[in-house]
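Whatever order the structure lists them in is the order used to number ligands and atoms, beginning at 1. None of these values were measured; they are calculated from a predicted model.
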Amino acid sequence: MQSKHVFIYTIGCQMNVYDSQQMTAFLASDGYTPTEDIDTADLIIANTCTIRAKAEQKAFSFLGRLATAKARRPGLIIAIGGCVAQQEGERILRRVPHVDIVFGTHAVSRLPDMVRQVAQRRCRIVDTTQVEGIDAHEFLPTIATPSPVSAFVTIMRGCDNYCTYCVVPHVRGREASRSASEIISEIEGLVAGGVREVTLLGQNVNSYGEKEGISDFPELLAQINAIDGLTRIRFTTSHPKDLSEPLMCAFRDLSKLCDHIHLPVQSGSDTILKGMNRQYTRSVYLDRVAQLRTYCPTIAITSDIIVGFPGEDEADFQATQSLIDAVGFDGLFVFMYSDRPNAAATRLPEKVAETVKRDRLQQVLSQQEAHTRRRHRALVGQTVTVLVEGRSKQDHAASGGVGARLPVQWMGRTDGNKIVNFAGVDEGSGERRNLTGSTVDVIIKKALAHSLWGEIAPRR
Ligand code: SAH
Ligand code: SF4
Ligand code: F3S
């Protein structure tokens, strides 16, 4: 079979990163190998996101830039997948004349077939069919990225929560979970290939298996915890309304489950939470956080905040700020509210001005910076266990072009998901070892704004 090259441009969440890996895996059997060089690609895929208007614009501007490449190389096949494809369907064929394939969020496994048809018949194809449930044949064993040590595994897709600002239920379809046995065998395969950490993905992982009446999420975690050779388990995202006591116990009881939870709160105002259809109040959120901390006192908690939801006034915004101080998050993602097609809040009249949104965004970012610094500073002098992912970005050996030499500086993460860069010379022997994939005890020496700096702890 002649070797052909596929270039995939991925925008959006970790689930899209996983889906891009799936695209690579499905296309491999048709002779496609991934390339980083867009100019030599026979097939270019944009895997897109529409969570905010900006993400959607990014997808169309990428597609726009491909017009000249297509004119120069008519044999080039251009496909758009992911959430914008699902949302816009065949409208994309009219808007972008050089696009050949539009494939939705449930169509990844059918991509090779569509590509073959386009190559043979030079037709244009749209497939945005969505199905209830989730089948084994829709997934292939994945390769480990973003690093050889850590891999993503989708355990469920879709969402049934219909938060009023959110496009996800409209573009990813109804919630459905994969079977535990499939998930376990996928992870076992990854571990056999050298992976030490998995991040389980879903829009609302703590309702895993609920609809199907298969195992529940804490049970699944316990099964994964038993896999030999796996060091760490992470998951994202959990909805605060479904943060159950058994899940809190899992943080205490399962040795491989990392002490970190991403628990998006969105707002600290009850009026806004109601308008968002989040199904919890400020005090329920704060109570759950307090309870979680009794089960796992060291747990790192990160969250998402939306500023400028329709109707958010100064008092609502202050309630968000006071919640941020009350929890003292380890990290925050902050977003300006953006109207989305089909999302109910788009129809709400009291829109907040862009300038106000921008100002609130800045206020929250600087407020959080102080919390992040405080959390980082508290780790100075402590010994933390780091799972090494590879060479540090600041490594001088990397920039000096020393090629095969082992790095001087390494990068990894703590249990609580904090990035640690450290010098990699073994104190005892003075030797340099390849540390990728190993867990190393590191003494934290310096707290920076976005990471920590340390040295390998002397062996006890
Ligand atoms: N399923 C996850 C989050 C998915 S989207 C959850 O339930 O939390 C990731 C984040 O994007 C959301 O948590 C929210 O903070 C933000 N977001 C979603 N829709 C948005 C919109 N219309 N405007 C601004 N931010 C949005
Ligand atoms: Fe969107 Fe809400 Fe579902 Fe998260 S839980 S994906 S924010 S609808
Ligand atoms: Fe974006 Fe779709 Fe993920 S809208 S955030 S890529 S689910």
Quiz prompt | Residue-ligand contact Arg278/ligand 2, heavy atom below 4.0 Å | solution = yes
Quiz item: Relative to the heavy atoms of Cys166, which atoms of ligand 2 are at a distance of less than 4.0 Å?
Solution: 1 (Fe), 6 (S), 7 (S), 8 (S)
Quiz prompt | Protein contact of atom 1 (N) of ligand 1 - nearest heavy atom, named by residue and atom, plus distance | solution = Gln203 OE1, 2.8 Å
Quiz item: How far is atom 3 (Fe) of ligand 2 from its nearest protein heavy atom, and which residue and atom is that?
Solution: Cys159 SG, 2.3 Å
Quiz item: Given that the side chain starts at C-beta and the backbone is N, CA, C, O, which of these parts of Met15 lies under 4.0 Å from ligand 3, counting heavy atoms, or is it both or neither?
Solution: neither
Quiz item: Which ligand 2 atoms, with their elements, are less than 4.0 angstrom from a heavy-atom of Tyr165?
Solution: 7 (S)
Quiz item: Can you tell which part of Tyr165 has a heavy atom less than 4.0 Å from ligand 1: side chain, backbone, both or neither?
Solution: both
Quiz item: Roughly how far apart are Lys58 NZ and Cys49 SG, rounded to 0.5 Å?
Solution: 9.0 Å
Exercise. Quick one: look at Cys83 and ligand 3, take heavy-atom pairs under 4.0 Å, and tell me if it's side chain, backbone, both or neither.
Key: side chain
Quiz item: Of the backbone atoms (N, CA, C, O) and the side-chain heavy atoms from C-beta on, which set of Pro264 has a member under 4.0 Å from an atom of ligand 1: side chain, backbone, both, or neither?
Solution: side chain
Quiz prompt | Identity and separation of the nearest protein heavy atom to atom 10 (C) of ligand 1 | solution = Asp304 OD2, 3.4 Å
Quiz prompt | Step-by-step side-chain hydrogen bond (donor to acceptor under 3.5 Å, both in side chains) determination, Gln87 to Thr50 | solution = CA-CA 8 Å; Gln87 176 186 289; Thr50 183; 2.9 Å; yes
Quiz prompt | Any Gln203 heavy atom less than 4.0 Å from ligand 3 | solution = yes
Quiz item: What atoms of ligand 1 come closer than 4.0 angstrom to any heavy atom of Arg52?
Solution: 11 (O), 16 (C), 17 (N), 23 (N), 24 (C), 25 (N), 26 (C)
Quiz prompt | Atom indices of ligand 1 within 4.0 angstrom of Gln266 heavy atoms, with elements | solution = 8 (O), 12 (C), 13 (O), 14 (C), 15 (O)
Quiz item: Counting distance only, does the side-chain N/O of Arg360 pair as donor-acceptor with the main-chain N or O of Gly308 below 3.5 Å?
Solution: no
Quiz item: Which bit of Arg340 is near ligand 1, meaning a heavy atom under 4.0 Å away: side chain, backbone, both or neither?
Solution: side chain
Quiz item: Can you tell which of Ile51, Asn16, Val168 gets a heavy atom nearest to atom 6 (S) of ligand 3?
Solution: Asn16
Practice problem: For atom 5 (S) of ligand 2, state which one of Val167, Asn161, Ile51 supplies the nearest heavy atom. | Solution: Asn161
Practice problem: Provide, to 0.1 Å, the distance between atom 23 (N) of ligand 1 and the closest protein heavy atom, together with that atom's residue and name. | Solution: Ser338 N, 3.0 Å
Exercise. For ligand 1, note which part of His262 has a heavy atom under 4.0 Å away: side chain, backbone, both or neither.
Key: neither
Quiz item: Hey, do the aromatic rings of Tyr337 and Phe309 have their centres closer than 6.0 Å?
Solution: yes
